[in-house]
Amino acid sequence: MKTIAQLVEMKEQSNKISMVTAYDFPSAKQAQQADIDMILVGDSLGMTVLGYESTVQVTIEDMIHHGKAVRRGAPDTFVVVDMPIGAVGISDELDLKNALTLYQQTEANAIKAEGAHLTSFIRKATQIGIPVVAHLGLTPQSVGVMGYKLQGSTKEAALQLIKDAHHVEEAGAIALVLEAIPSDLAQEISQQLSIPVIGIGAGKDTDGQVLVYHDMLNYGVDRHAKFVKQYSDFSIGINGLKQYNEEVKSGAFPSEAHTYKKKIMSEVNKND
Ligand code: KIV
């Protein structure tokens, strides 16, 4: 498993960091088998595996449930678990209690918190020993306020984002996720910060990349953002399900090959 120091070293040596989301045991296992550097148990699980419209309905209990499964599937990979909306940004006491619960119960290596307003939370969580990954740019928990659109696209917004990035670094963030921002801005922030910057929809000049498992493998997703590359096509599973359905109905499944051969009924007396 990569350590935080090794991730920083990767940045310093210009070795790109790979990160992918995972939400359950098998996807985590696959990510580990593929040697991915970091797994994110993103609150995108609200859409990808729970079928909500956004991340807004996701609870801390959901994150704990999925985070634990991912840890079991990828015991040797650096796992980050998202703080969902409402679990942080409420009060210092509640924020830290939730952060600690999430960190302890999932056995994650770090938690992730969305938004520049959480700088003081990042500082306090770091002080009590919880590693935090910051997330700036498009922050899906605030979709109701900012919508799903490119961020940092005016001079003022870009300057603000650069400032915010420095603030979260100074507060102790171990890494920064930058989502949906112009690639030259992402490059500038990556160069200015000492912590690894992981981009999604932020171009190629960040220290690493993160994609959502279900997007990149086309698994039950109807709409794809511009920045998603499809690396495989899990929609093929539907063909197997259709064939299974037909074979059950026609009696072709199960065949001899899928049936236990032992005969017992000759030994069973009708009156037993
Ligand atoms: O929840 C998530 O999957 C994320 C990524 C989009 C970075 O935060």
Side-chain angles (χ1 to χ4, degrees), residues 7 17-24 27-28 31 36-60 62-67 69-70 74 77-89 102 106 108-116 118 122 132-144 146-152 161 165 168 173-181 186 189-190 195-203 206-217 219-221 223-231:
L7 293 167
I17 298 166
S18 56
M19 185 188 218
V20 71
T21 68
Y23 314 103
D24 57 15
S27 56
I36 300 280
D37 297 310
M38 300 171 86
I39 292 177
L40 171 63
V41 188
D43 60 356
S44 51
L45 66 84
M47 291 94 88
T48 55
V49 298
L50 299 180
Y52 295 132
E53 276 295 309
S54 74
T55 62
V56 170
Q57 286 82 3
V58 177
T59 64
I60 191 155
D62 293 331
M63 297 312 302
I64 291 171
H65 179 77
H66 289 272
V70 167
T77 305
F78 194 100
V79 171
V80 181
V81 181
D82 251 341
M83 291 284 281
I85 190 169
V88 65
L102 192 63
T106 60
N109 302 94
I111 57 168
K112 177 163 82 60
E114 279 186 21
L118 296 179
I122 294 172
V132 185
V133 173
H135 181 157
L136 299 175
L138 196 163
T139 50
Q141 285 169 18
S142 309
V143 65
M146 64 166 66
Y148 287 114
K149 60 174 200 275
L150 186 71
Q151 300 295 308
L161 202 52
V168 295
I174 58 144
L176 168 63
V177 168
L178 281 181
E179 179 165 355
I181 66 166
I189 294 174
S190 306
I195 55 174
V197 175
I198 314 289
I200 174 163
T206 51
D207 305 307
Q209 296 291 327
V210 55
L211 278 180
V212 168
Y213 179 94
H214 290 62
D215 289 341
M216 64 177 294
L217 300 178
Y219 186 21
V221 175
R223 277 175 300 142
H224 291 285
K226 174 184 168 58
F227 53 76
V228 173
K229 178 171 174 186
Q230 221 176 282
Y231 283 87

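Whatever order the structure lists them in is the order used to number ligands and atoms, beginning at 1. These numbers come from a predicted model, not from an experiment.
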Atoms of ligand 1 close to [X] [distance to a heavy atom under 4.0 angstrom, numbered from 1]:
X    : value
H135 : 7 (C), 8 (O)
I200 : 6 (C)
D43  : 1 (O)
G42  : 1 (O), 2 (C), 3 (O)
T21  : 3 (O)

Any N/O of E179 closer than 3.5 Å to an N/O of ligand 1? no

Decide whether an N or O pair under 3.5 Å exists between D82 and ligand 1. yes

How far is atom 8 (O) of ligand 1 from its nearest protein heavy atom, and which residue and atom is that? K112 NZ, 2.9 Å

Any idea which protein heavy atom is nearest atom 3 (O) of ligand 1, and the distance to it? S44 OG, 2.5 Å

State, yes or no, whether a side-chain contact exists between [X] and [Y] at a heavy-atom distance under 4.5 Å.
X    : Y    : answer
H66  : V49  : yes
P140 : M47  : no
D37  : F78  : no
V79  : T106 : no
I85  : T55  : no

State whether the side chain of Q209 and the backbone N or O of G203 hold a donor-acceptor pair below 3.5 Å, judged by distance alone.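 Here the side-chain-to-backbone pair exists.
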
Applying a heavy-atom cut-off of 4.0 Å, say which part of L40 lies close to ligand 1: side chain, backbone, both or neither. side chain

Would you check if there is a donor-acceptor pair between the side chains of T48 and Y219 at a distance under 3.5 Å? no

